[in-house]
Amino acid sequence: MLKKEANDVFLVDVIGECTAMSDKIDTSTNGTPNYKVMFELEDLNKNTISGTVWGKYAEQMSEYKKKGIQGRPIIILQFAKIKISRDQVSLCNSLFATKIFINEDISELNDYKESITDGDASRSLGITHLSSQNSHSIGDEFMKMSEHKQLDEIPDTNKECFCATVATIVGFEKDTNWYYNSCKSCNKKVDYEGGGRYWCIKCDSHVKSAPPRYKVTVSVEDDSGSASFVMFDREVFQAIQISTMDLKDKLLKDGKGDSFPEELEMLLERKCLFRIQISKYNLDQDWDKFTVVRLSDDEDLIKRFLDVNEVAQVR
Ligand SMILES: [Zn+2]
(Lines give C-alpha, C1' and ligand atoms only; values in the text may rest on other atoms or scores of the structure.)
Protein backbone atom coordinates (compact mmCIF):
# COMPACT_ATOMS: atom_id res chain seq x y z
CA MET A 1 0.00 0.00 0.00
CA LEU A 2 2.81 2.34 0.81
CA LYS A 3 4.36 1.76 -2.57
CA LYS A 4 1.27 2.86 -4.44
CA GLU A 5 0.70 6.01 -2.44
CA ALA A 6 4.20 7.10 -1.83
CA ASN A 7 5.86 10.06 -3.35
CA ASP A 8 8.83 11.97 -2.18
CA VAL A 9 7.00 14.74 -0.31
CA PHE A 10 4.33 12.58 1.25
CA LEU A 11 4.29 12.50 5.04
CA VAL A 12 2.74 9.44 6.60
CA ASP A 13 1.96 8.08 10.01
CA VAL A 14 3.20 4.53 10.36
CA ILE A 15 2.75 1.97 13.10
CA GLY A 16 4.65 -1.27 13.38
CA GLU A 17 6.58 -3.57 15.57
CA CYS A 18 10.25 -2.86 15.61
CA THR A 19 12.14 -6.01 14.64
CA ALA A 20 15.56 -4.48 14.42
CA MET A 21 17.26 -1.36 15.57
CA SER A 22 20.85 -0.27 15.18
CA ASP A 23 22.87 1.47 17.81
CA LYS A 24 23.47 5.16 17.46
CA ILE A 25 25.86 5.61 14.54
CA ASP A 26 28.09 8.64 14.50
CA THR A 27 27.77 10.45 11.18
CA SER A 28 29.41 13.67 12.27
CA THR A 29 31.17 15.55 9.48
CA ASN A 30 33.64 18.42 9.72
CA GLY A 31 33.00 18.82 13.41
CA THR A 32 29.22 19.04 13.00
CA PRO A 33 27.82 16.37 15.29
CA ASN A 34 25.15 14.09 13.89
CA TYR A 35 23.87 10.60 14.52
CA LYS A 36 21.62 8.11 12.89
CA VAL A 37 19.73 5.03 13.96
CA MET A 38 18.52 2.46 11.47
CA PHE A 39 15.56 0.28 12.15
CA GLU A 40 13.05 -2.09 10.65
CA LEU A 41 9.31 -2.30 11.21
CA GLU A 42 7.20 -5.32 10.44
CA ASP A 43 3.48 -5.65 9.83
CA LEU A 44 0.93 -8.41 10.35
CA ASN A 45 1.65 -9.91 6.95
CA LYS A 46 5.36 -9.90 7.65
CA ASN A 47 5.93 -7.04 5.29
CA THR A 48 8.86 -5.06 6.45
CA ILE A 49 9.99 -1.55 5.85
CA SER A 50 13.31 -0.14 6.87
CA GLY A 51 13.99 3.34 8.03
CA THR A 52 16.62 5.74 9.23
CA VAL A 53 16.22 8.57 11.68
CA TRP A 54 18.69 11.33 12.36
CA GLY A 55 19.62 13.81 15.03
CA LYS A 56 17.26 14.11 17.98
CA TYR A 57 15.13 11.28 16.60
CA ALA A 58 18.17 9.02 16.61
CA GLU A 59 18.82 10.07 20.21
CA GLN A 60 15.26 9.18 21.14
CA MET A 61 15.45 5.70 19.64
CA SER A 62 18.84 4.99 21.08
CA GLU A 63 17.70 6.16 24.54
CA TYR A 64 14.88 3.66 24.34
CA LYS A 65 17.23 0.90 23.22
CA LYS A 66 19.62 1.63 26.07
CA LYS A 67 16.89 0.90 28.61
CA GLY A 68 17.07 -2.72 27.56
CA ILE A 69 13.33 -3.29 27.81
CA GLN A 70 12.46 -6.80 26.70
CA GLY A 71 10.37 -7.52 23.66
CA ARG A 72 9.82 -5.70 20.43
CA PRO A 73 8.60 -2.19 20.97
CA ILE A 74 5.70 -0.88 18.98
CA ILE A 75 6.68 2.29 17.24
CA ILE A 76 4.65 5.02 15.68
CA LEU A 77 6.29 7.47 13.37
CA GLN A 78 4.04 10.44 12.91
CA PHE A 79 4.70 12.62 9.88
CA ALA A 80 7.49 10.44 8.64
CA LYS A 81 8.90 10.91 5.19
CA ILE A 82 8.85 8.22 2.58
CA LYS A 83 11.97 7.84 0.54
CA ILE A 84 12.15 5.92 -2.70
CA SER A 85 15.38 4.98 -4.29
CA ARG A 86 15.88 2.24 -6.82
CA ASP A 87 12.31 1.02 -6.17
CA GLN A 88 13.10 0.58 -2.50
CA VAL A 89 10.72 2.29 -0.16
CA SER A 90 12.07 3.39 3.18
CA LEU A 91 11.17 5.77 5.95
CA CYS A 92 13.03 8.67 7.42
CA ASN A 93 12.21 11.58 9.63
CA SER A 94 11.27 14.96 8.26
CA LEU A 95 13.45 17.72 9.61
CA PHE A 96 11.07 19.05 12.27
CA ALA A 97 7.58 17.65 11.91
CA THR A 98 8.19 14.01 12.75
CA LYS A 99 7.18 12.65 16.11
CA ILE A 100 8.20 9.24 17.31
CA PHE A 101 6.25 7.29 19.89
CA ILE A 102 7.82 4.15 21.28
CA ASN A 103 5.48 1.98 23.33
CA GLU A 104 3.61 5.11 24.32
CA ASP A 105 0.08 6.03 24.93
CA ILE A 106 -1.43 6.50 21.49
CA SER A 107 -4.86 5.23 20.59
CA GLU A 108 -3.51 3.49 17.49
CA LEU A 109 -0.81 1.89 19.56
CA ASN A 110 -3.26 0.75 22.20
CA ASP A 111 -5.61 -0.61 19.54
CA TYR A 112 -2.69 -2.42 18.06
CA LYS A 113 -1.78 -3.96 21.40
CA GLU A 114 -5.39 -4.91 21.96
CA SER A 115 -5.59 -6.62 18.61
CA ILE A 116 -2.57 -8.68 19.63
CA THR A 117 -4.18 -9.82 22.87
CA ASP A 118 -7.32 -10.79 20.99
CA GLY A 119 -6.35 -14.43 21.14
CA ASP A 120 -3.27 -14.18 19.00
CA ALA A 121 -1.14 -17.05 20.22
CA SER A 122 1.63 -16.32 17.75
CA ARG A 123 2.52 -13.12 19.62
CA SER A 124 5.82 -14.60 20.68
CA LEU A 125 6.81 -14.98 17.04
CA GLY A 126 6.59 -11.24 16.67
CA ILE A 127 3.74 -10.92 14.19
CA THR A 128 3.19 -7.26 13.56
CA HIS A 129 1.12 -4.59 11.92
CA LEU A 130 2.28 -1.85 9.72
CA SER A 131 -0.26 0.52 8.37
CA SER A 132 -0.52 4.02 7.18
CA GLN A 133 -2.69 5.99 9.54
CA ASN A 134 -4.43 9.19 8.78
CA SER A 135 -6.59 9.39 11.85
CA HIS A 136 -6.53 12.20 14.35
CA SER A 137 -3.40 13.09 16.28
CA ILE A 138 -3.14 12.94 20.07
CA GLY A 139 -3.08 16.70 20.05
CA ASP A 140 -6.55 16.64 18.52
CA GLU A 141 -7.79 14.38 21.27
CA PHE A 142 -7.01 17.06 23.79
CA MET A 143 -7.63 20.14 21.71
CA LYS A 144 -10.68 19.26 19.66
CA MET A 145 -12.26 16.06 20.84
CA SER A 146 -12.64 16.94 24.51
CA GLU A 147 -14.46 19.61 26.41
CA HIS A 148 -11.96 21.89 28.06
CA LYS A 149 -12.57 22.31 31.75
CA GLN A 150 -10.97 23.55 34.90
CA LEU A 151 -11.17 21.24 37.86
CA ASP A 152 -13.91 23.18 39.63
CA GLU A 153 -16.15 22.77 36.57
CA ILE A 154 -15.97 19.00 36.57
CA PRO A 155 -18.48 18.32 39.40
CA ASP A 156 -21.04 20.50 37.61
CA THR A 157 -20.93 18.35 34.51
CA ASN A 158 -24.17 16.46 34.12
CA LYS A 159 -23.68 14.52 30.94
CA GLU A 160 -21.26 11.81 29.91
CA CYS A 161 -18.28 13.26 28.10
CA PHE A 162 -14.54 13.44 27.79
CA CYS A 163 -12.85 16.52 29.11
CA ALA A 164 -9.35 17.82 28.92
CA THR A 165 -7.73 19.71 31.72
CA VAL A 166 -4.26 20.81 32.75
CA ALA A 167 -3.47 19.98 36.36
CA THR A 168 -0.59 19.12 38.63
CA ILE A 169 -0.35 15.82 40.48
CA VAL A 170 0.00 16.66 44.17
CA GLY A 171 -0.66 13.40 46.02
CA PHE A 172 -1.83 9.83 46.09
CA GLU A 173 -4.72 8.02 47.59
CA LYS A 174 -2.92 5.21 49.35
CA ASP A 175 -5.80 3.36 50.98
CA THR A 176 -6.44 1.41 47.79
CA ASN A 177 -3.73 -0.75 46.28
CA TRP A 178 -1.59 0.75 43.52
CA TYR A 179 -2.11 -2.21 41.22
CA TYR A 180 -4.59 -4.95 40.57
CA ASN A 181 -4.34 -8.48 39.24
CA SER A 182 -5.60 -8.46 35.68
CA CYS A 183 -7.04 -10.82 33.12
CA LYS A 184 -4.68 -11.26 30.19
CA SER A 185 -7.54 -11.32 27.71
CA CYS A 186 -9.55 -8.31 28.77
CA ASN A 187 -7.30 -6.44 31.27
CA LYS A 188 -10.11 -6.35 33.85
CA LYS A 189 -9.57 -7.12 37.50
CA VAL A 190 -9.72 -10.79 38.41
CA ASP A 191 -10.64 -12.39 41.73
CA TYR A 192 -8.35 -14.87 43.42
CA GLU A 193 -10.04 -18.23 43.79
CA GLY A 194 -7.26 -20.03 45.64
CA GLY A 195 -4.98 -22.76 44.32
CA GLY A 196 -3.17 -20.32 42.03
CA ARG A 197 -6.27 -19.65 40.03
CA TYR A 198 -8.21 -16.49 39.33
CA TRP A 199 -11.67 -15.82 38.00
CA CYS A 200 -12.49 -13.22 35.39
CA ILE A 201 -16.10 -12.09 35.58
CA LYS A 202 -16.01 -10.40 32.20
CA CYS A 203 -14.57 -13.40 30.36
CA ASP A 204 -16.57 -15.76 32.58
CA SER A 205 -13.60 -18.08 32.90
CA HIS A 206 -10.70 -19.22 35.06
CA VAL A 207 -7.42 -17.45 34.58
CA LYS A 208 -4.10 -19.04 35.46
CA SER A 209 -1.78 -16.09 35.57
CA ALA A 210 -2.94 -12.61 36.44
CA PRO A 211 -0.30 -10.00 35.68
CA PRO A 212 -0.44 -6.89 37.85
CA ARG A 213 -1.53 -3.64 36.22
CA TYR A 214 -1.35 -0.14 37.59
CA LYS A 215 -4.36 1.55 39.08
CA VAL A 216 -3.14 4.65 40.86
CA THR A 217 -5.50 7.27 42.24
CA VAL A 218 -3.91 10.70 42.25
CA SER A 219 -4.96 14.03 43.66
CA VAL A 220 -4.60 16.83 41.17
CA GLU A 221 -4.83 20.57 41.49
CA ASP A 222 -5.17 23.56 39.26
CA ASP A 223 -5.88 27.20 40.03
CA SER A 224 -9.56 26.54 40.43
CA GLY A 225 -9.57 23.54 42.74
CA SER A 226 -8.71 19.88 43.11
CA ALA A 227 -9.94 16.48 41.98
CA SER A 228 -9.17 12.75 42.09
CA PHE A 229 -8.09 11.03 38.92
CA VAL A 230 -7.52 7.32 38.44
CA MET A 231 -4.56 6.43 36.26
CA PHE A 232 -4.35 2.97 34.75
CA ASP A 233 -1.52 0.92 33.33
CA ARG A 234 -0.80 2.75 30.09
CA GLU A 235 -0.72 6.18 31.63
CA VAL A 236 1.35 5.27 34.68
CA PHE A 237 3.81 3.33 32.57
CA GLN A 238 4.01 6.21 30.13
CA ALA A 239 4.82 8.55 32.99
CA ILE A 240 7.32 6.50 34.98
CA GLN A 241 8.61 4.01 32.37
CA ILE A 242 8.63 1.05 34.74
CA SER A 243 6.22 -1.81 34.17
CA THR A 244 3.93 -2.86 37.00
CA MET A 245 5.53 -6.29 37.08
CA ASP A 246 9.05 -4.87 37.29
CA LEU A 247 8.06 -2.50 40.05
CA LYS A 248 6.31 -5.23 42.02
CA ASP A 249 9.36 -7.49 41.63
CA LYS A 250 11.61 -4.68 42.76
CA LEU A 251 9.58 -4.12 45.92
CA LEU A 252 9.72 -7.82 46.69
CA LYS A 253 13.46 -7.89 46.13
CA ASP A 254 13.91 -4.88 48.39
CA GLY A 255 11.83 -6.56 51.07
CA LYS A 256 9.11 -3.93 50.82
CA GLY A 257 6.33 -6.29 49.83
CA ASP A 258 3.10 -4.55 48.98
CA SER A 259 4.02 -1.15 50.34
CA PHE A 260 3.40 1.94 48.24
CA PRO A 261 6.38 2.19 45.86
CA GLU A 262 8.43 5.33 46.09
CA GLU A 263 9.03 5.10 42.32
CA LEU A 264 5.50 6.41 41.90
CA GLU A 265 6.53 9.61 43.66
CA MET A 266 8.07 10.55 40.29
CA LEU A 267 4.56 11.56 39.36
CA LEU A 268 4.41 14.24 42.02
CA GLU A 269 4.55 17.90 41.05
CA ARG A 270 4.20 16.98 37.43
CA LYS A 271 1.97 19.20 35.41
CA CYS A 272 0.13 17.25 32.78
CA LEU A 273 -2.61 17.52 30.27
CA PHE A 274 -5.24 14.97 31.21
CA ARG A 275 -8.07 13.66 29.13
CA ILE A 276 -10.57 12.21 31.53
CA GLN A 277 -13.85 10.43 31.11
CA ILE A 278 -16.96 11.52 32.91
CA SER A 279 -18.80 8.24 32.78
CA LYS A 280 -22.35 7.15 33.39
CA TYR A 281 -21.04 5.60 36.59
CA ASN A 282 -19.58 8.92 37.75
CA LEU A 283 -22.92 10.61 37.14
CA ASP A 284 -25.27 7.89 38.43
CA GLN A 285 -23.27 7.07 41.53
CA ASP A 286 -22.07 10.58 42.19
CA TRP A 287 -18.59 9.03 42.04
CA ASP A 288 -15.92 11.73 42.07
CA LYS A 289 -12.89 9.78 40.88
CA PHE A 290 -12.44 10.18 37.15
CA THR A 291 -10.57 7.83 34.87
CA VAL A 292 -7.67 9.24 32.90
CA VAL A 293 -7.90 8.02 29.32
CA ARG A 294 -5.01 10.01 27.88
CA LEU A 295 -2.08 11.81 29.34
CA SER A 296 0.51 14.17 27.99
CA ASP A 297 3.29 16.16 29.55
CA ASP A 298 4.35 17.63 26.22
CA GLU A 299 5.17 21.23 27.07
CA ASP A 300 4.22 22.59 23.67
CA LEU A 301 0.87 20.87 23.79
CA ILE A 302 0.18 22.11 27.32
CA LYS A 303 1.10 25.62 26.33
CA ARG A 304 -1.10 25.45 23.27
CA PHE A 305 -3.93 24.16 25.42
CA LEU A 306 -3.53 26.86 28.02
CA ASP A 307 -3.23 29.59 25.40
CA VAL A 308 -6.44 28.46 23.78
CA ASN A 309 -8.24 28.37 27.07
CA GLU A 310 -6.74 31.54 28.45
CA VAL A 311 -6.37 29.81 31.74
CA ALA A 312 -4.10 31.67 34.12
CA GLN A 313 -1.01 29.67 34.82
CA VAL A 314 0.28 29.60 38.35
CA ARG A 315 2.22 26.38 38.76
ZN1 LIG B 1 -11.09 -11.36 31.25
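Scope of the values below: all heavy atoms of this structure, side chains included, with no hydrogens, waters or symmetry mates.
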Checking [X] now: which residues fulfil salt bridge (Lys or Arg N to Asp or Glu O under 4.0 Å) with it, not counting sequence neighbours?
X      : value
Lys159 : Glu147
Arg304 : none
Lys248 : none
Asp288 : none

Task: Electrostatic pair Glu63-Lys66, nearest N-O below 4.0 angstrom - done: yes
Open item on the list: Quick test of your reading of the model: are Lys271 and Asp297 salt-bridged, counting only N-O distances below 4.0 Å?
Closed with: no
Open item on the list: Please give the remaining members of the hydrophobic cluster of Val230, linking ILVMFWY side chains under 4.5 Å, ordered by chain and number.
Closed with: Tyr180, Phe232
- [ ] Supply the members, apart from Trp199, of the Ile/Leu/Val/Met/Phe/Trp/Tyr cluster built from side-chain contacts under 4.5 Å; use none for a lone residue.
- [x] Ile201
Quick check: does any side chain N or O of [X] sit under 3.5 Å from a backbone N or O of [Y], one acting as donor and the other as acceptor?
X      : Y      : result
Ser62  : Asp23  : no
Thr157 : Glu153 : yes
Asp249 : Leu252 : no
Asn181 : Val190 : no

Task: Heavy-atom side-chain contact between Met231 and Ile169 under 4.5 Å - done: yes
Task: Counterpart residues, ring pair (Phe, Tyr, Trp, His ring centres under 6.0 Å), relative to Tyr192 (two or more places apart) - done: Tyr198
Task: Residues in ring pair (Phe, Tyr, Trp, His ring centres under 6.0 Å) contact with Phe172, at least two apart in sequence or another chain - done: Phe260
Task: Any pair counted as salt bridge (Lys or Arg N to Asp or Glu O under 4.0 Å), so long as it reaches residues 230-241, sequence neighbours left out - done: Asp105-Arg234
TODO: Sorted by first residue and then second, give each salt bridge (Lys or Arg N to Asp or Glu O under 4.0 Å) pair with at least one member in residues 174-183; sequence neighbours left out.
DONE: Lys174-Glu265
Task: Arg275 NZ/CZ over Phe142 ring centroid, <6.0 Å and within 45° of normal - done: no
Open item on the list: If we count only N and O atoms by modelled type, under 3.5 Å, do the side chains of Ser182 and Lys188 hold a donor and an acceptor together?
Closed with: no
What pairs of donor and acceptor atoms, side-chain ones from residues 92-100 against any protein atom, are under 3.5 angstrom apart with sequence neighbours left out?
residue: Asn93; atom: OD1; partner: Trp54; partner atom: N; Å: 2.8
residue: Ser94; atom: OG; partner: Ala97; partner atom: N; Å: 3.2
residue: Ser94; atom: OG; partner: Thr98; partner atom: N; Å: 3.2
residue: Ser94; atom: OG; partner: Thr98; partner atom: OG1; Å: 3.0
residue: Thr98; atom: OG1; partner: Phe79; partner atom: O; Å: 2.8
residue: Thr98; atom: OG1; partner: Ser94; partner atom: N; Å: 2.7
residue: Lys99; atom: NZ; partner: Asp298; partner atom: OD2; Å: 2.9

- [ ] Please list, chain by chain and in numerical order, all residues satisfying side-chain hydrogen bond (donor to acceptor under 3.5 Å, both in side chains) with Ser243, sequence neighbours excluded.
- [x] Asp246
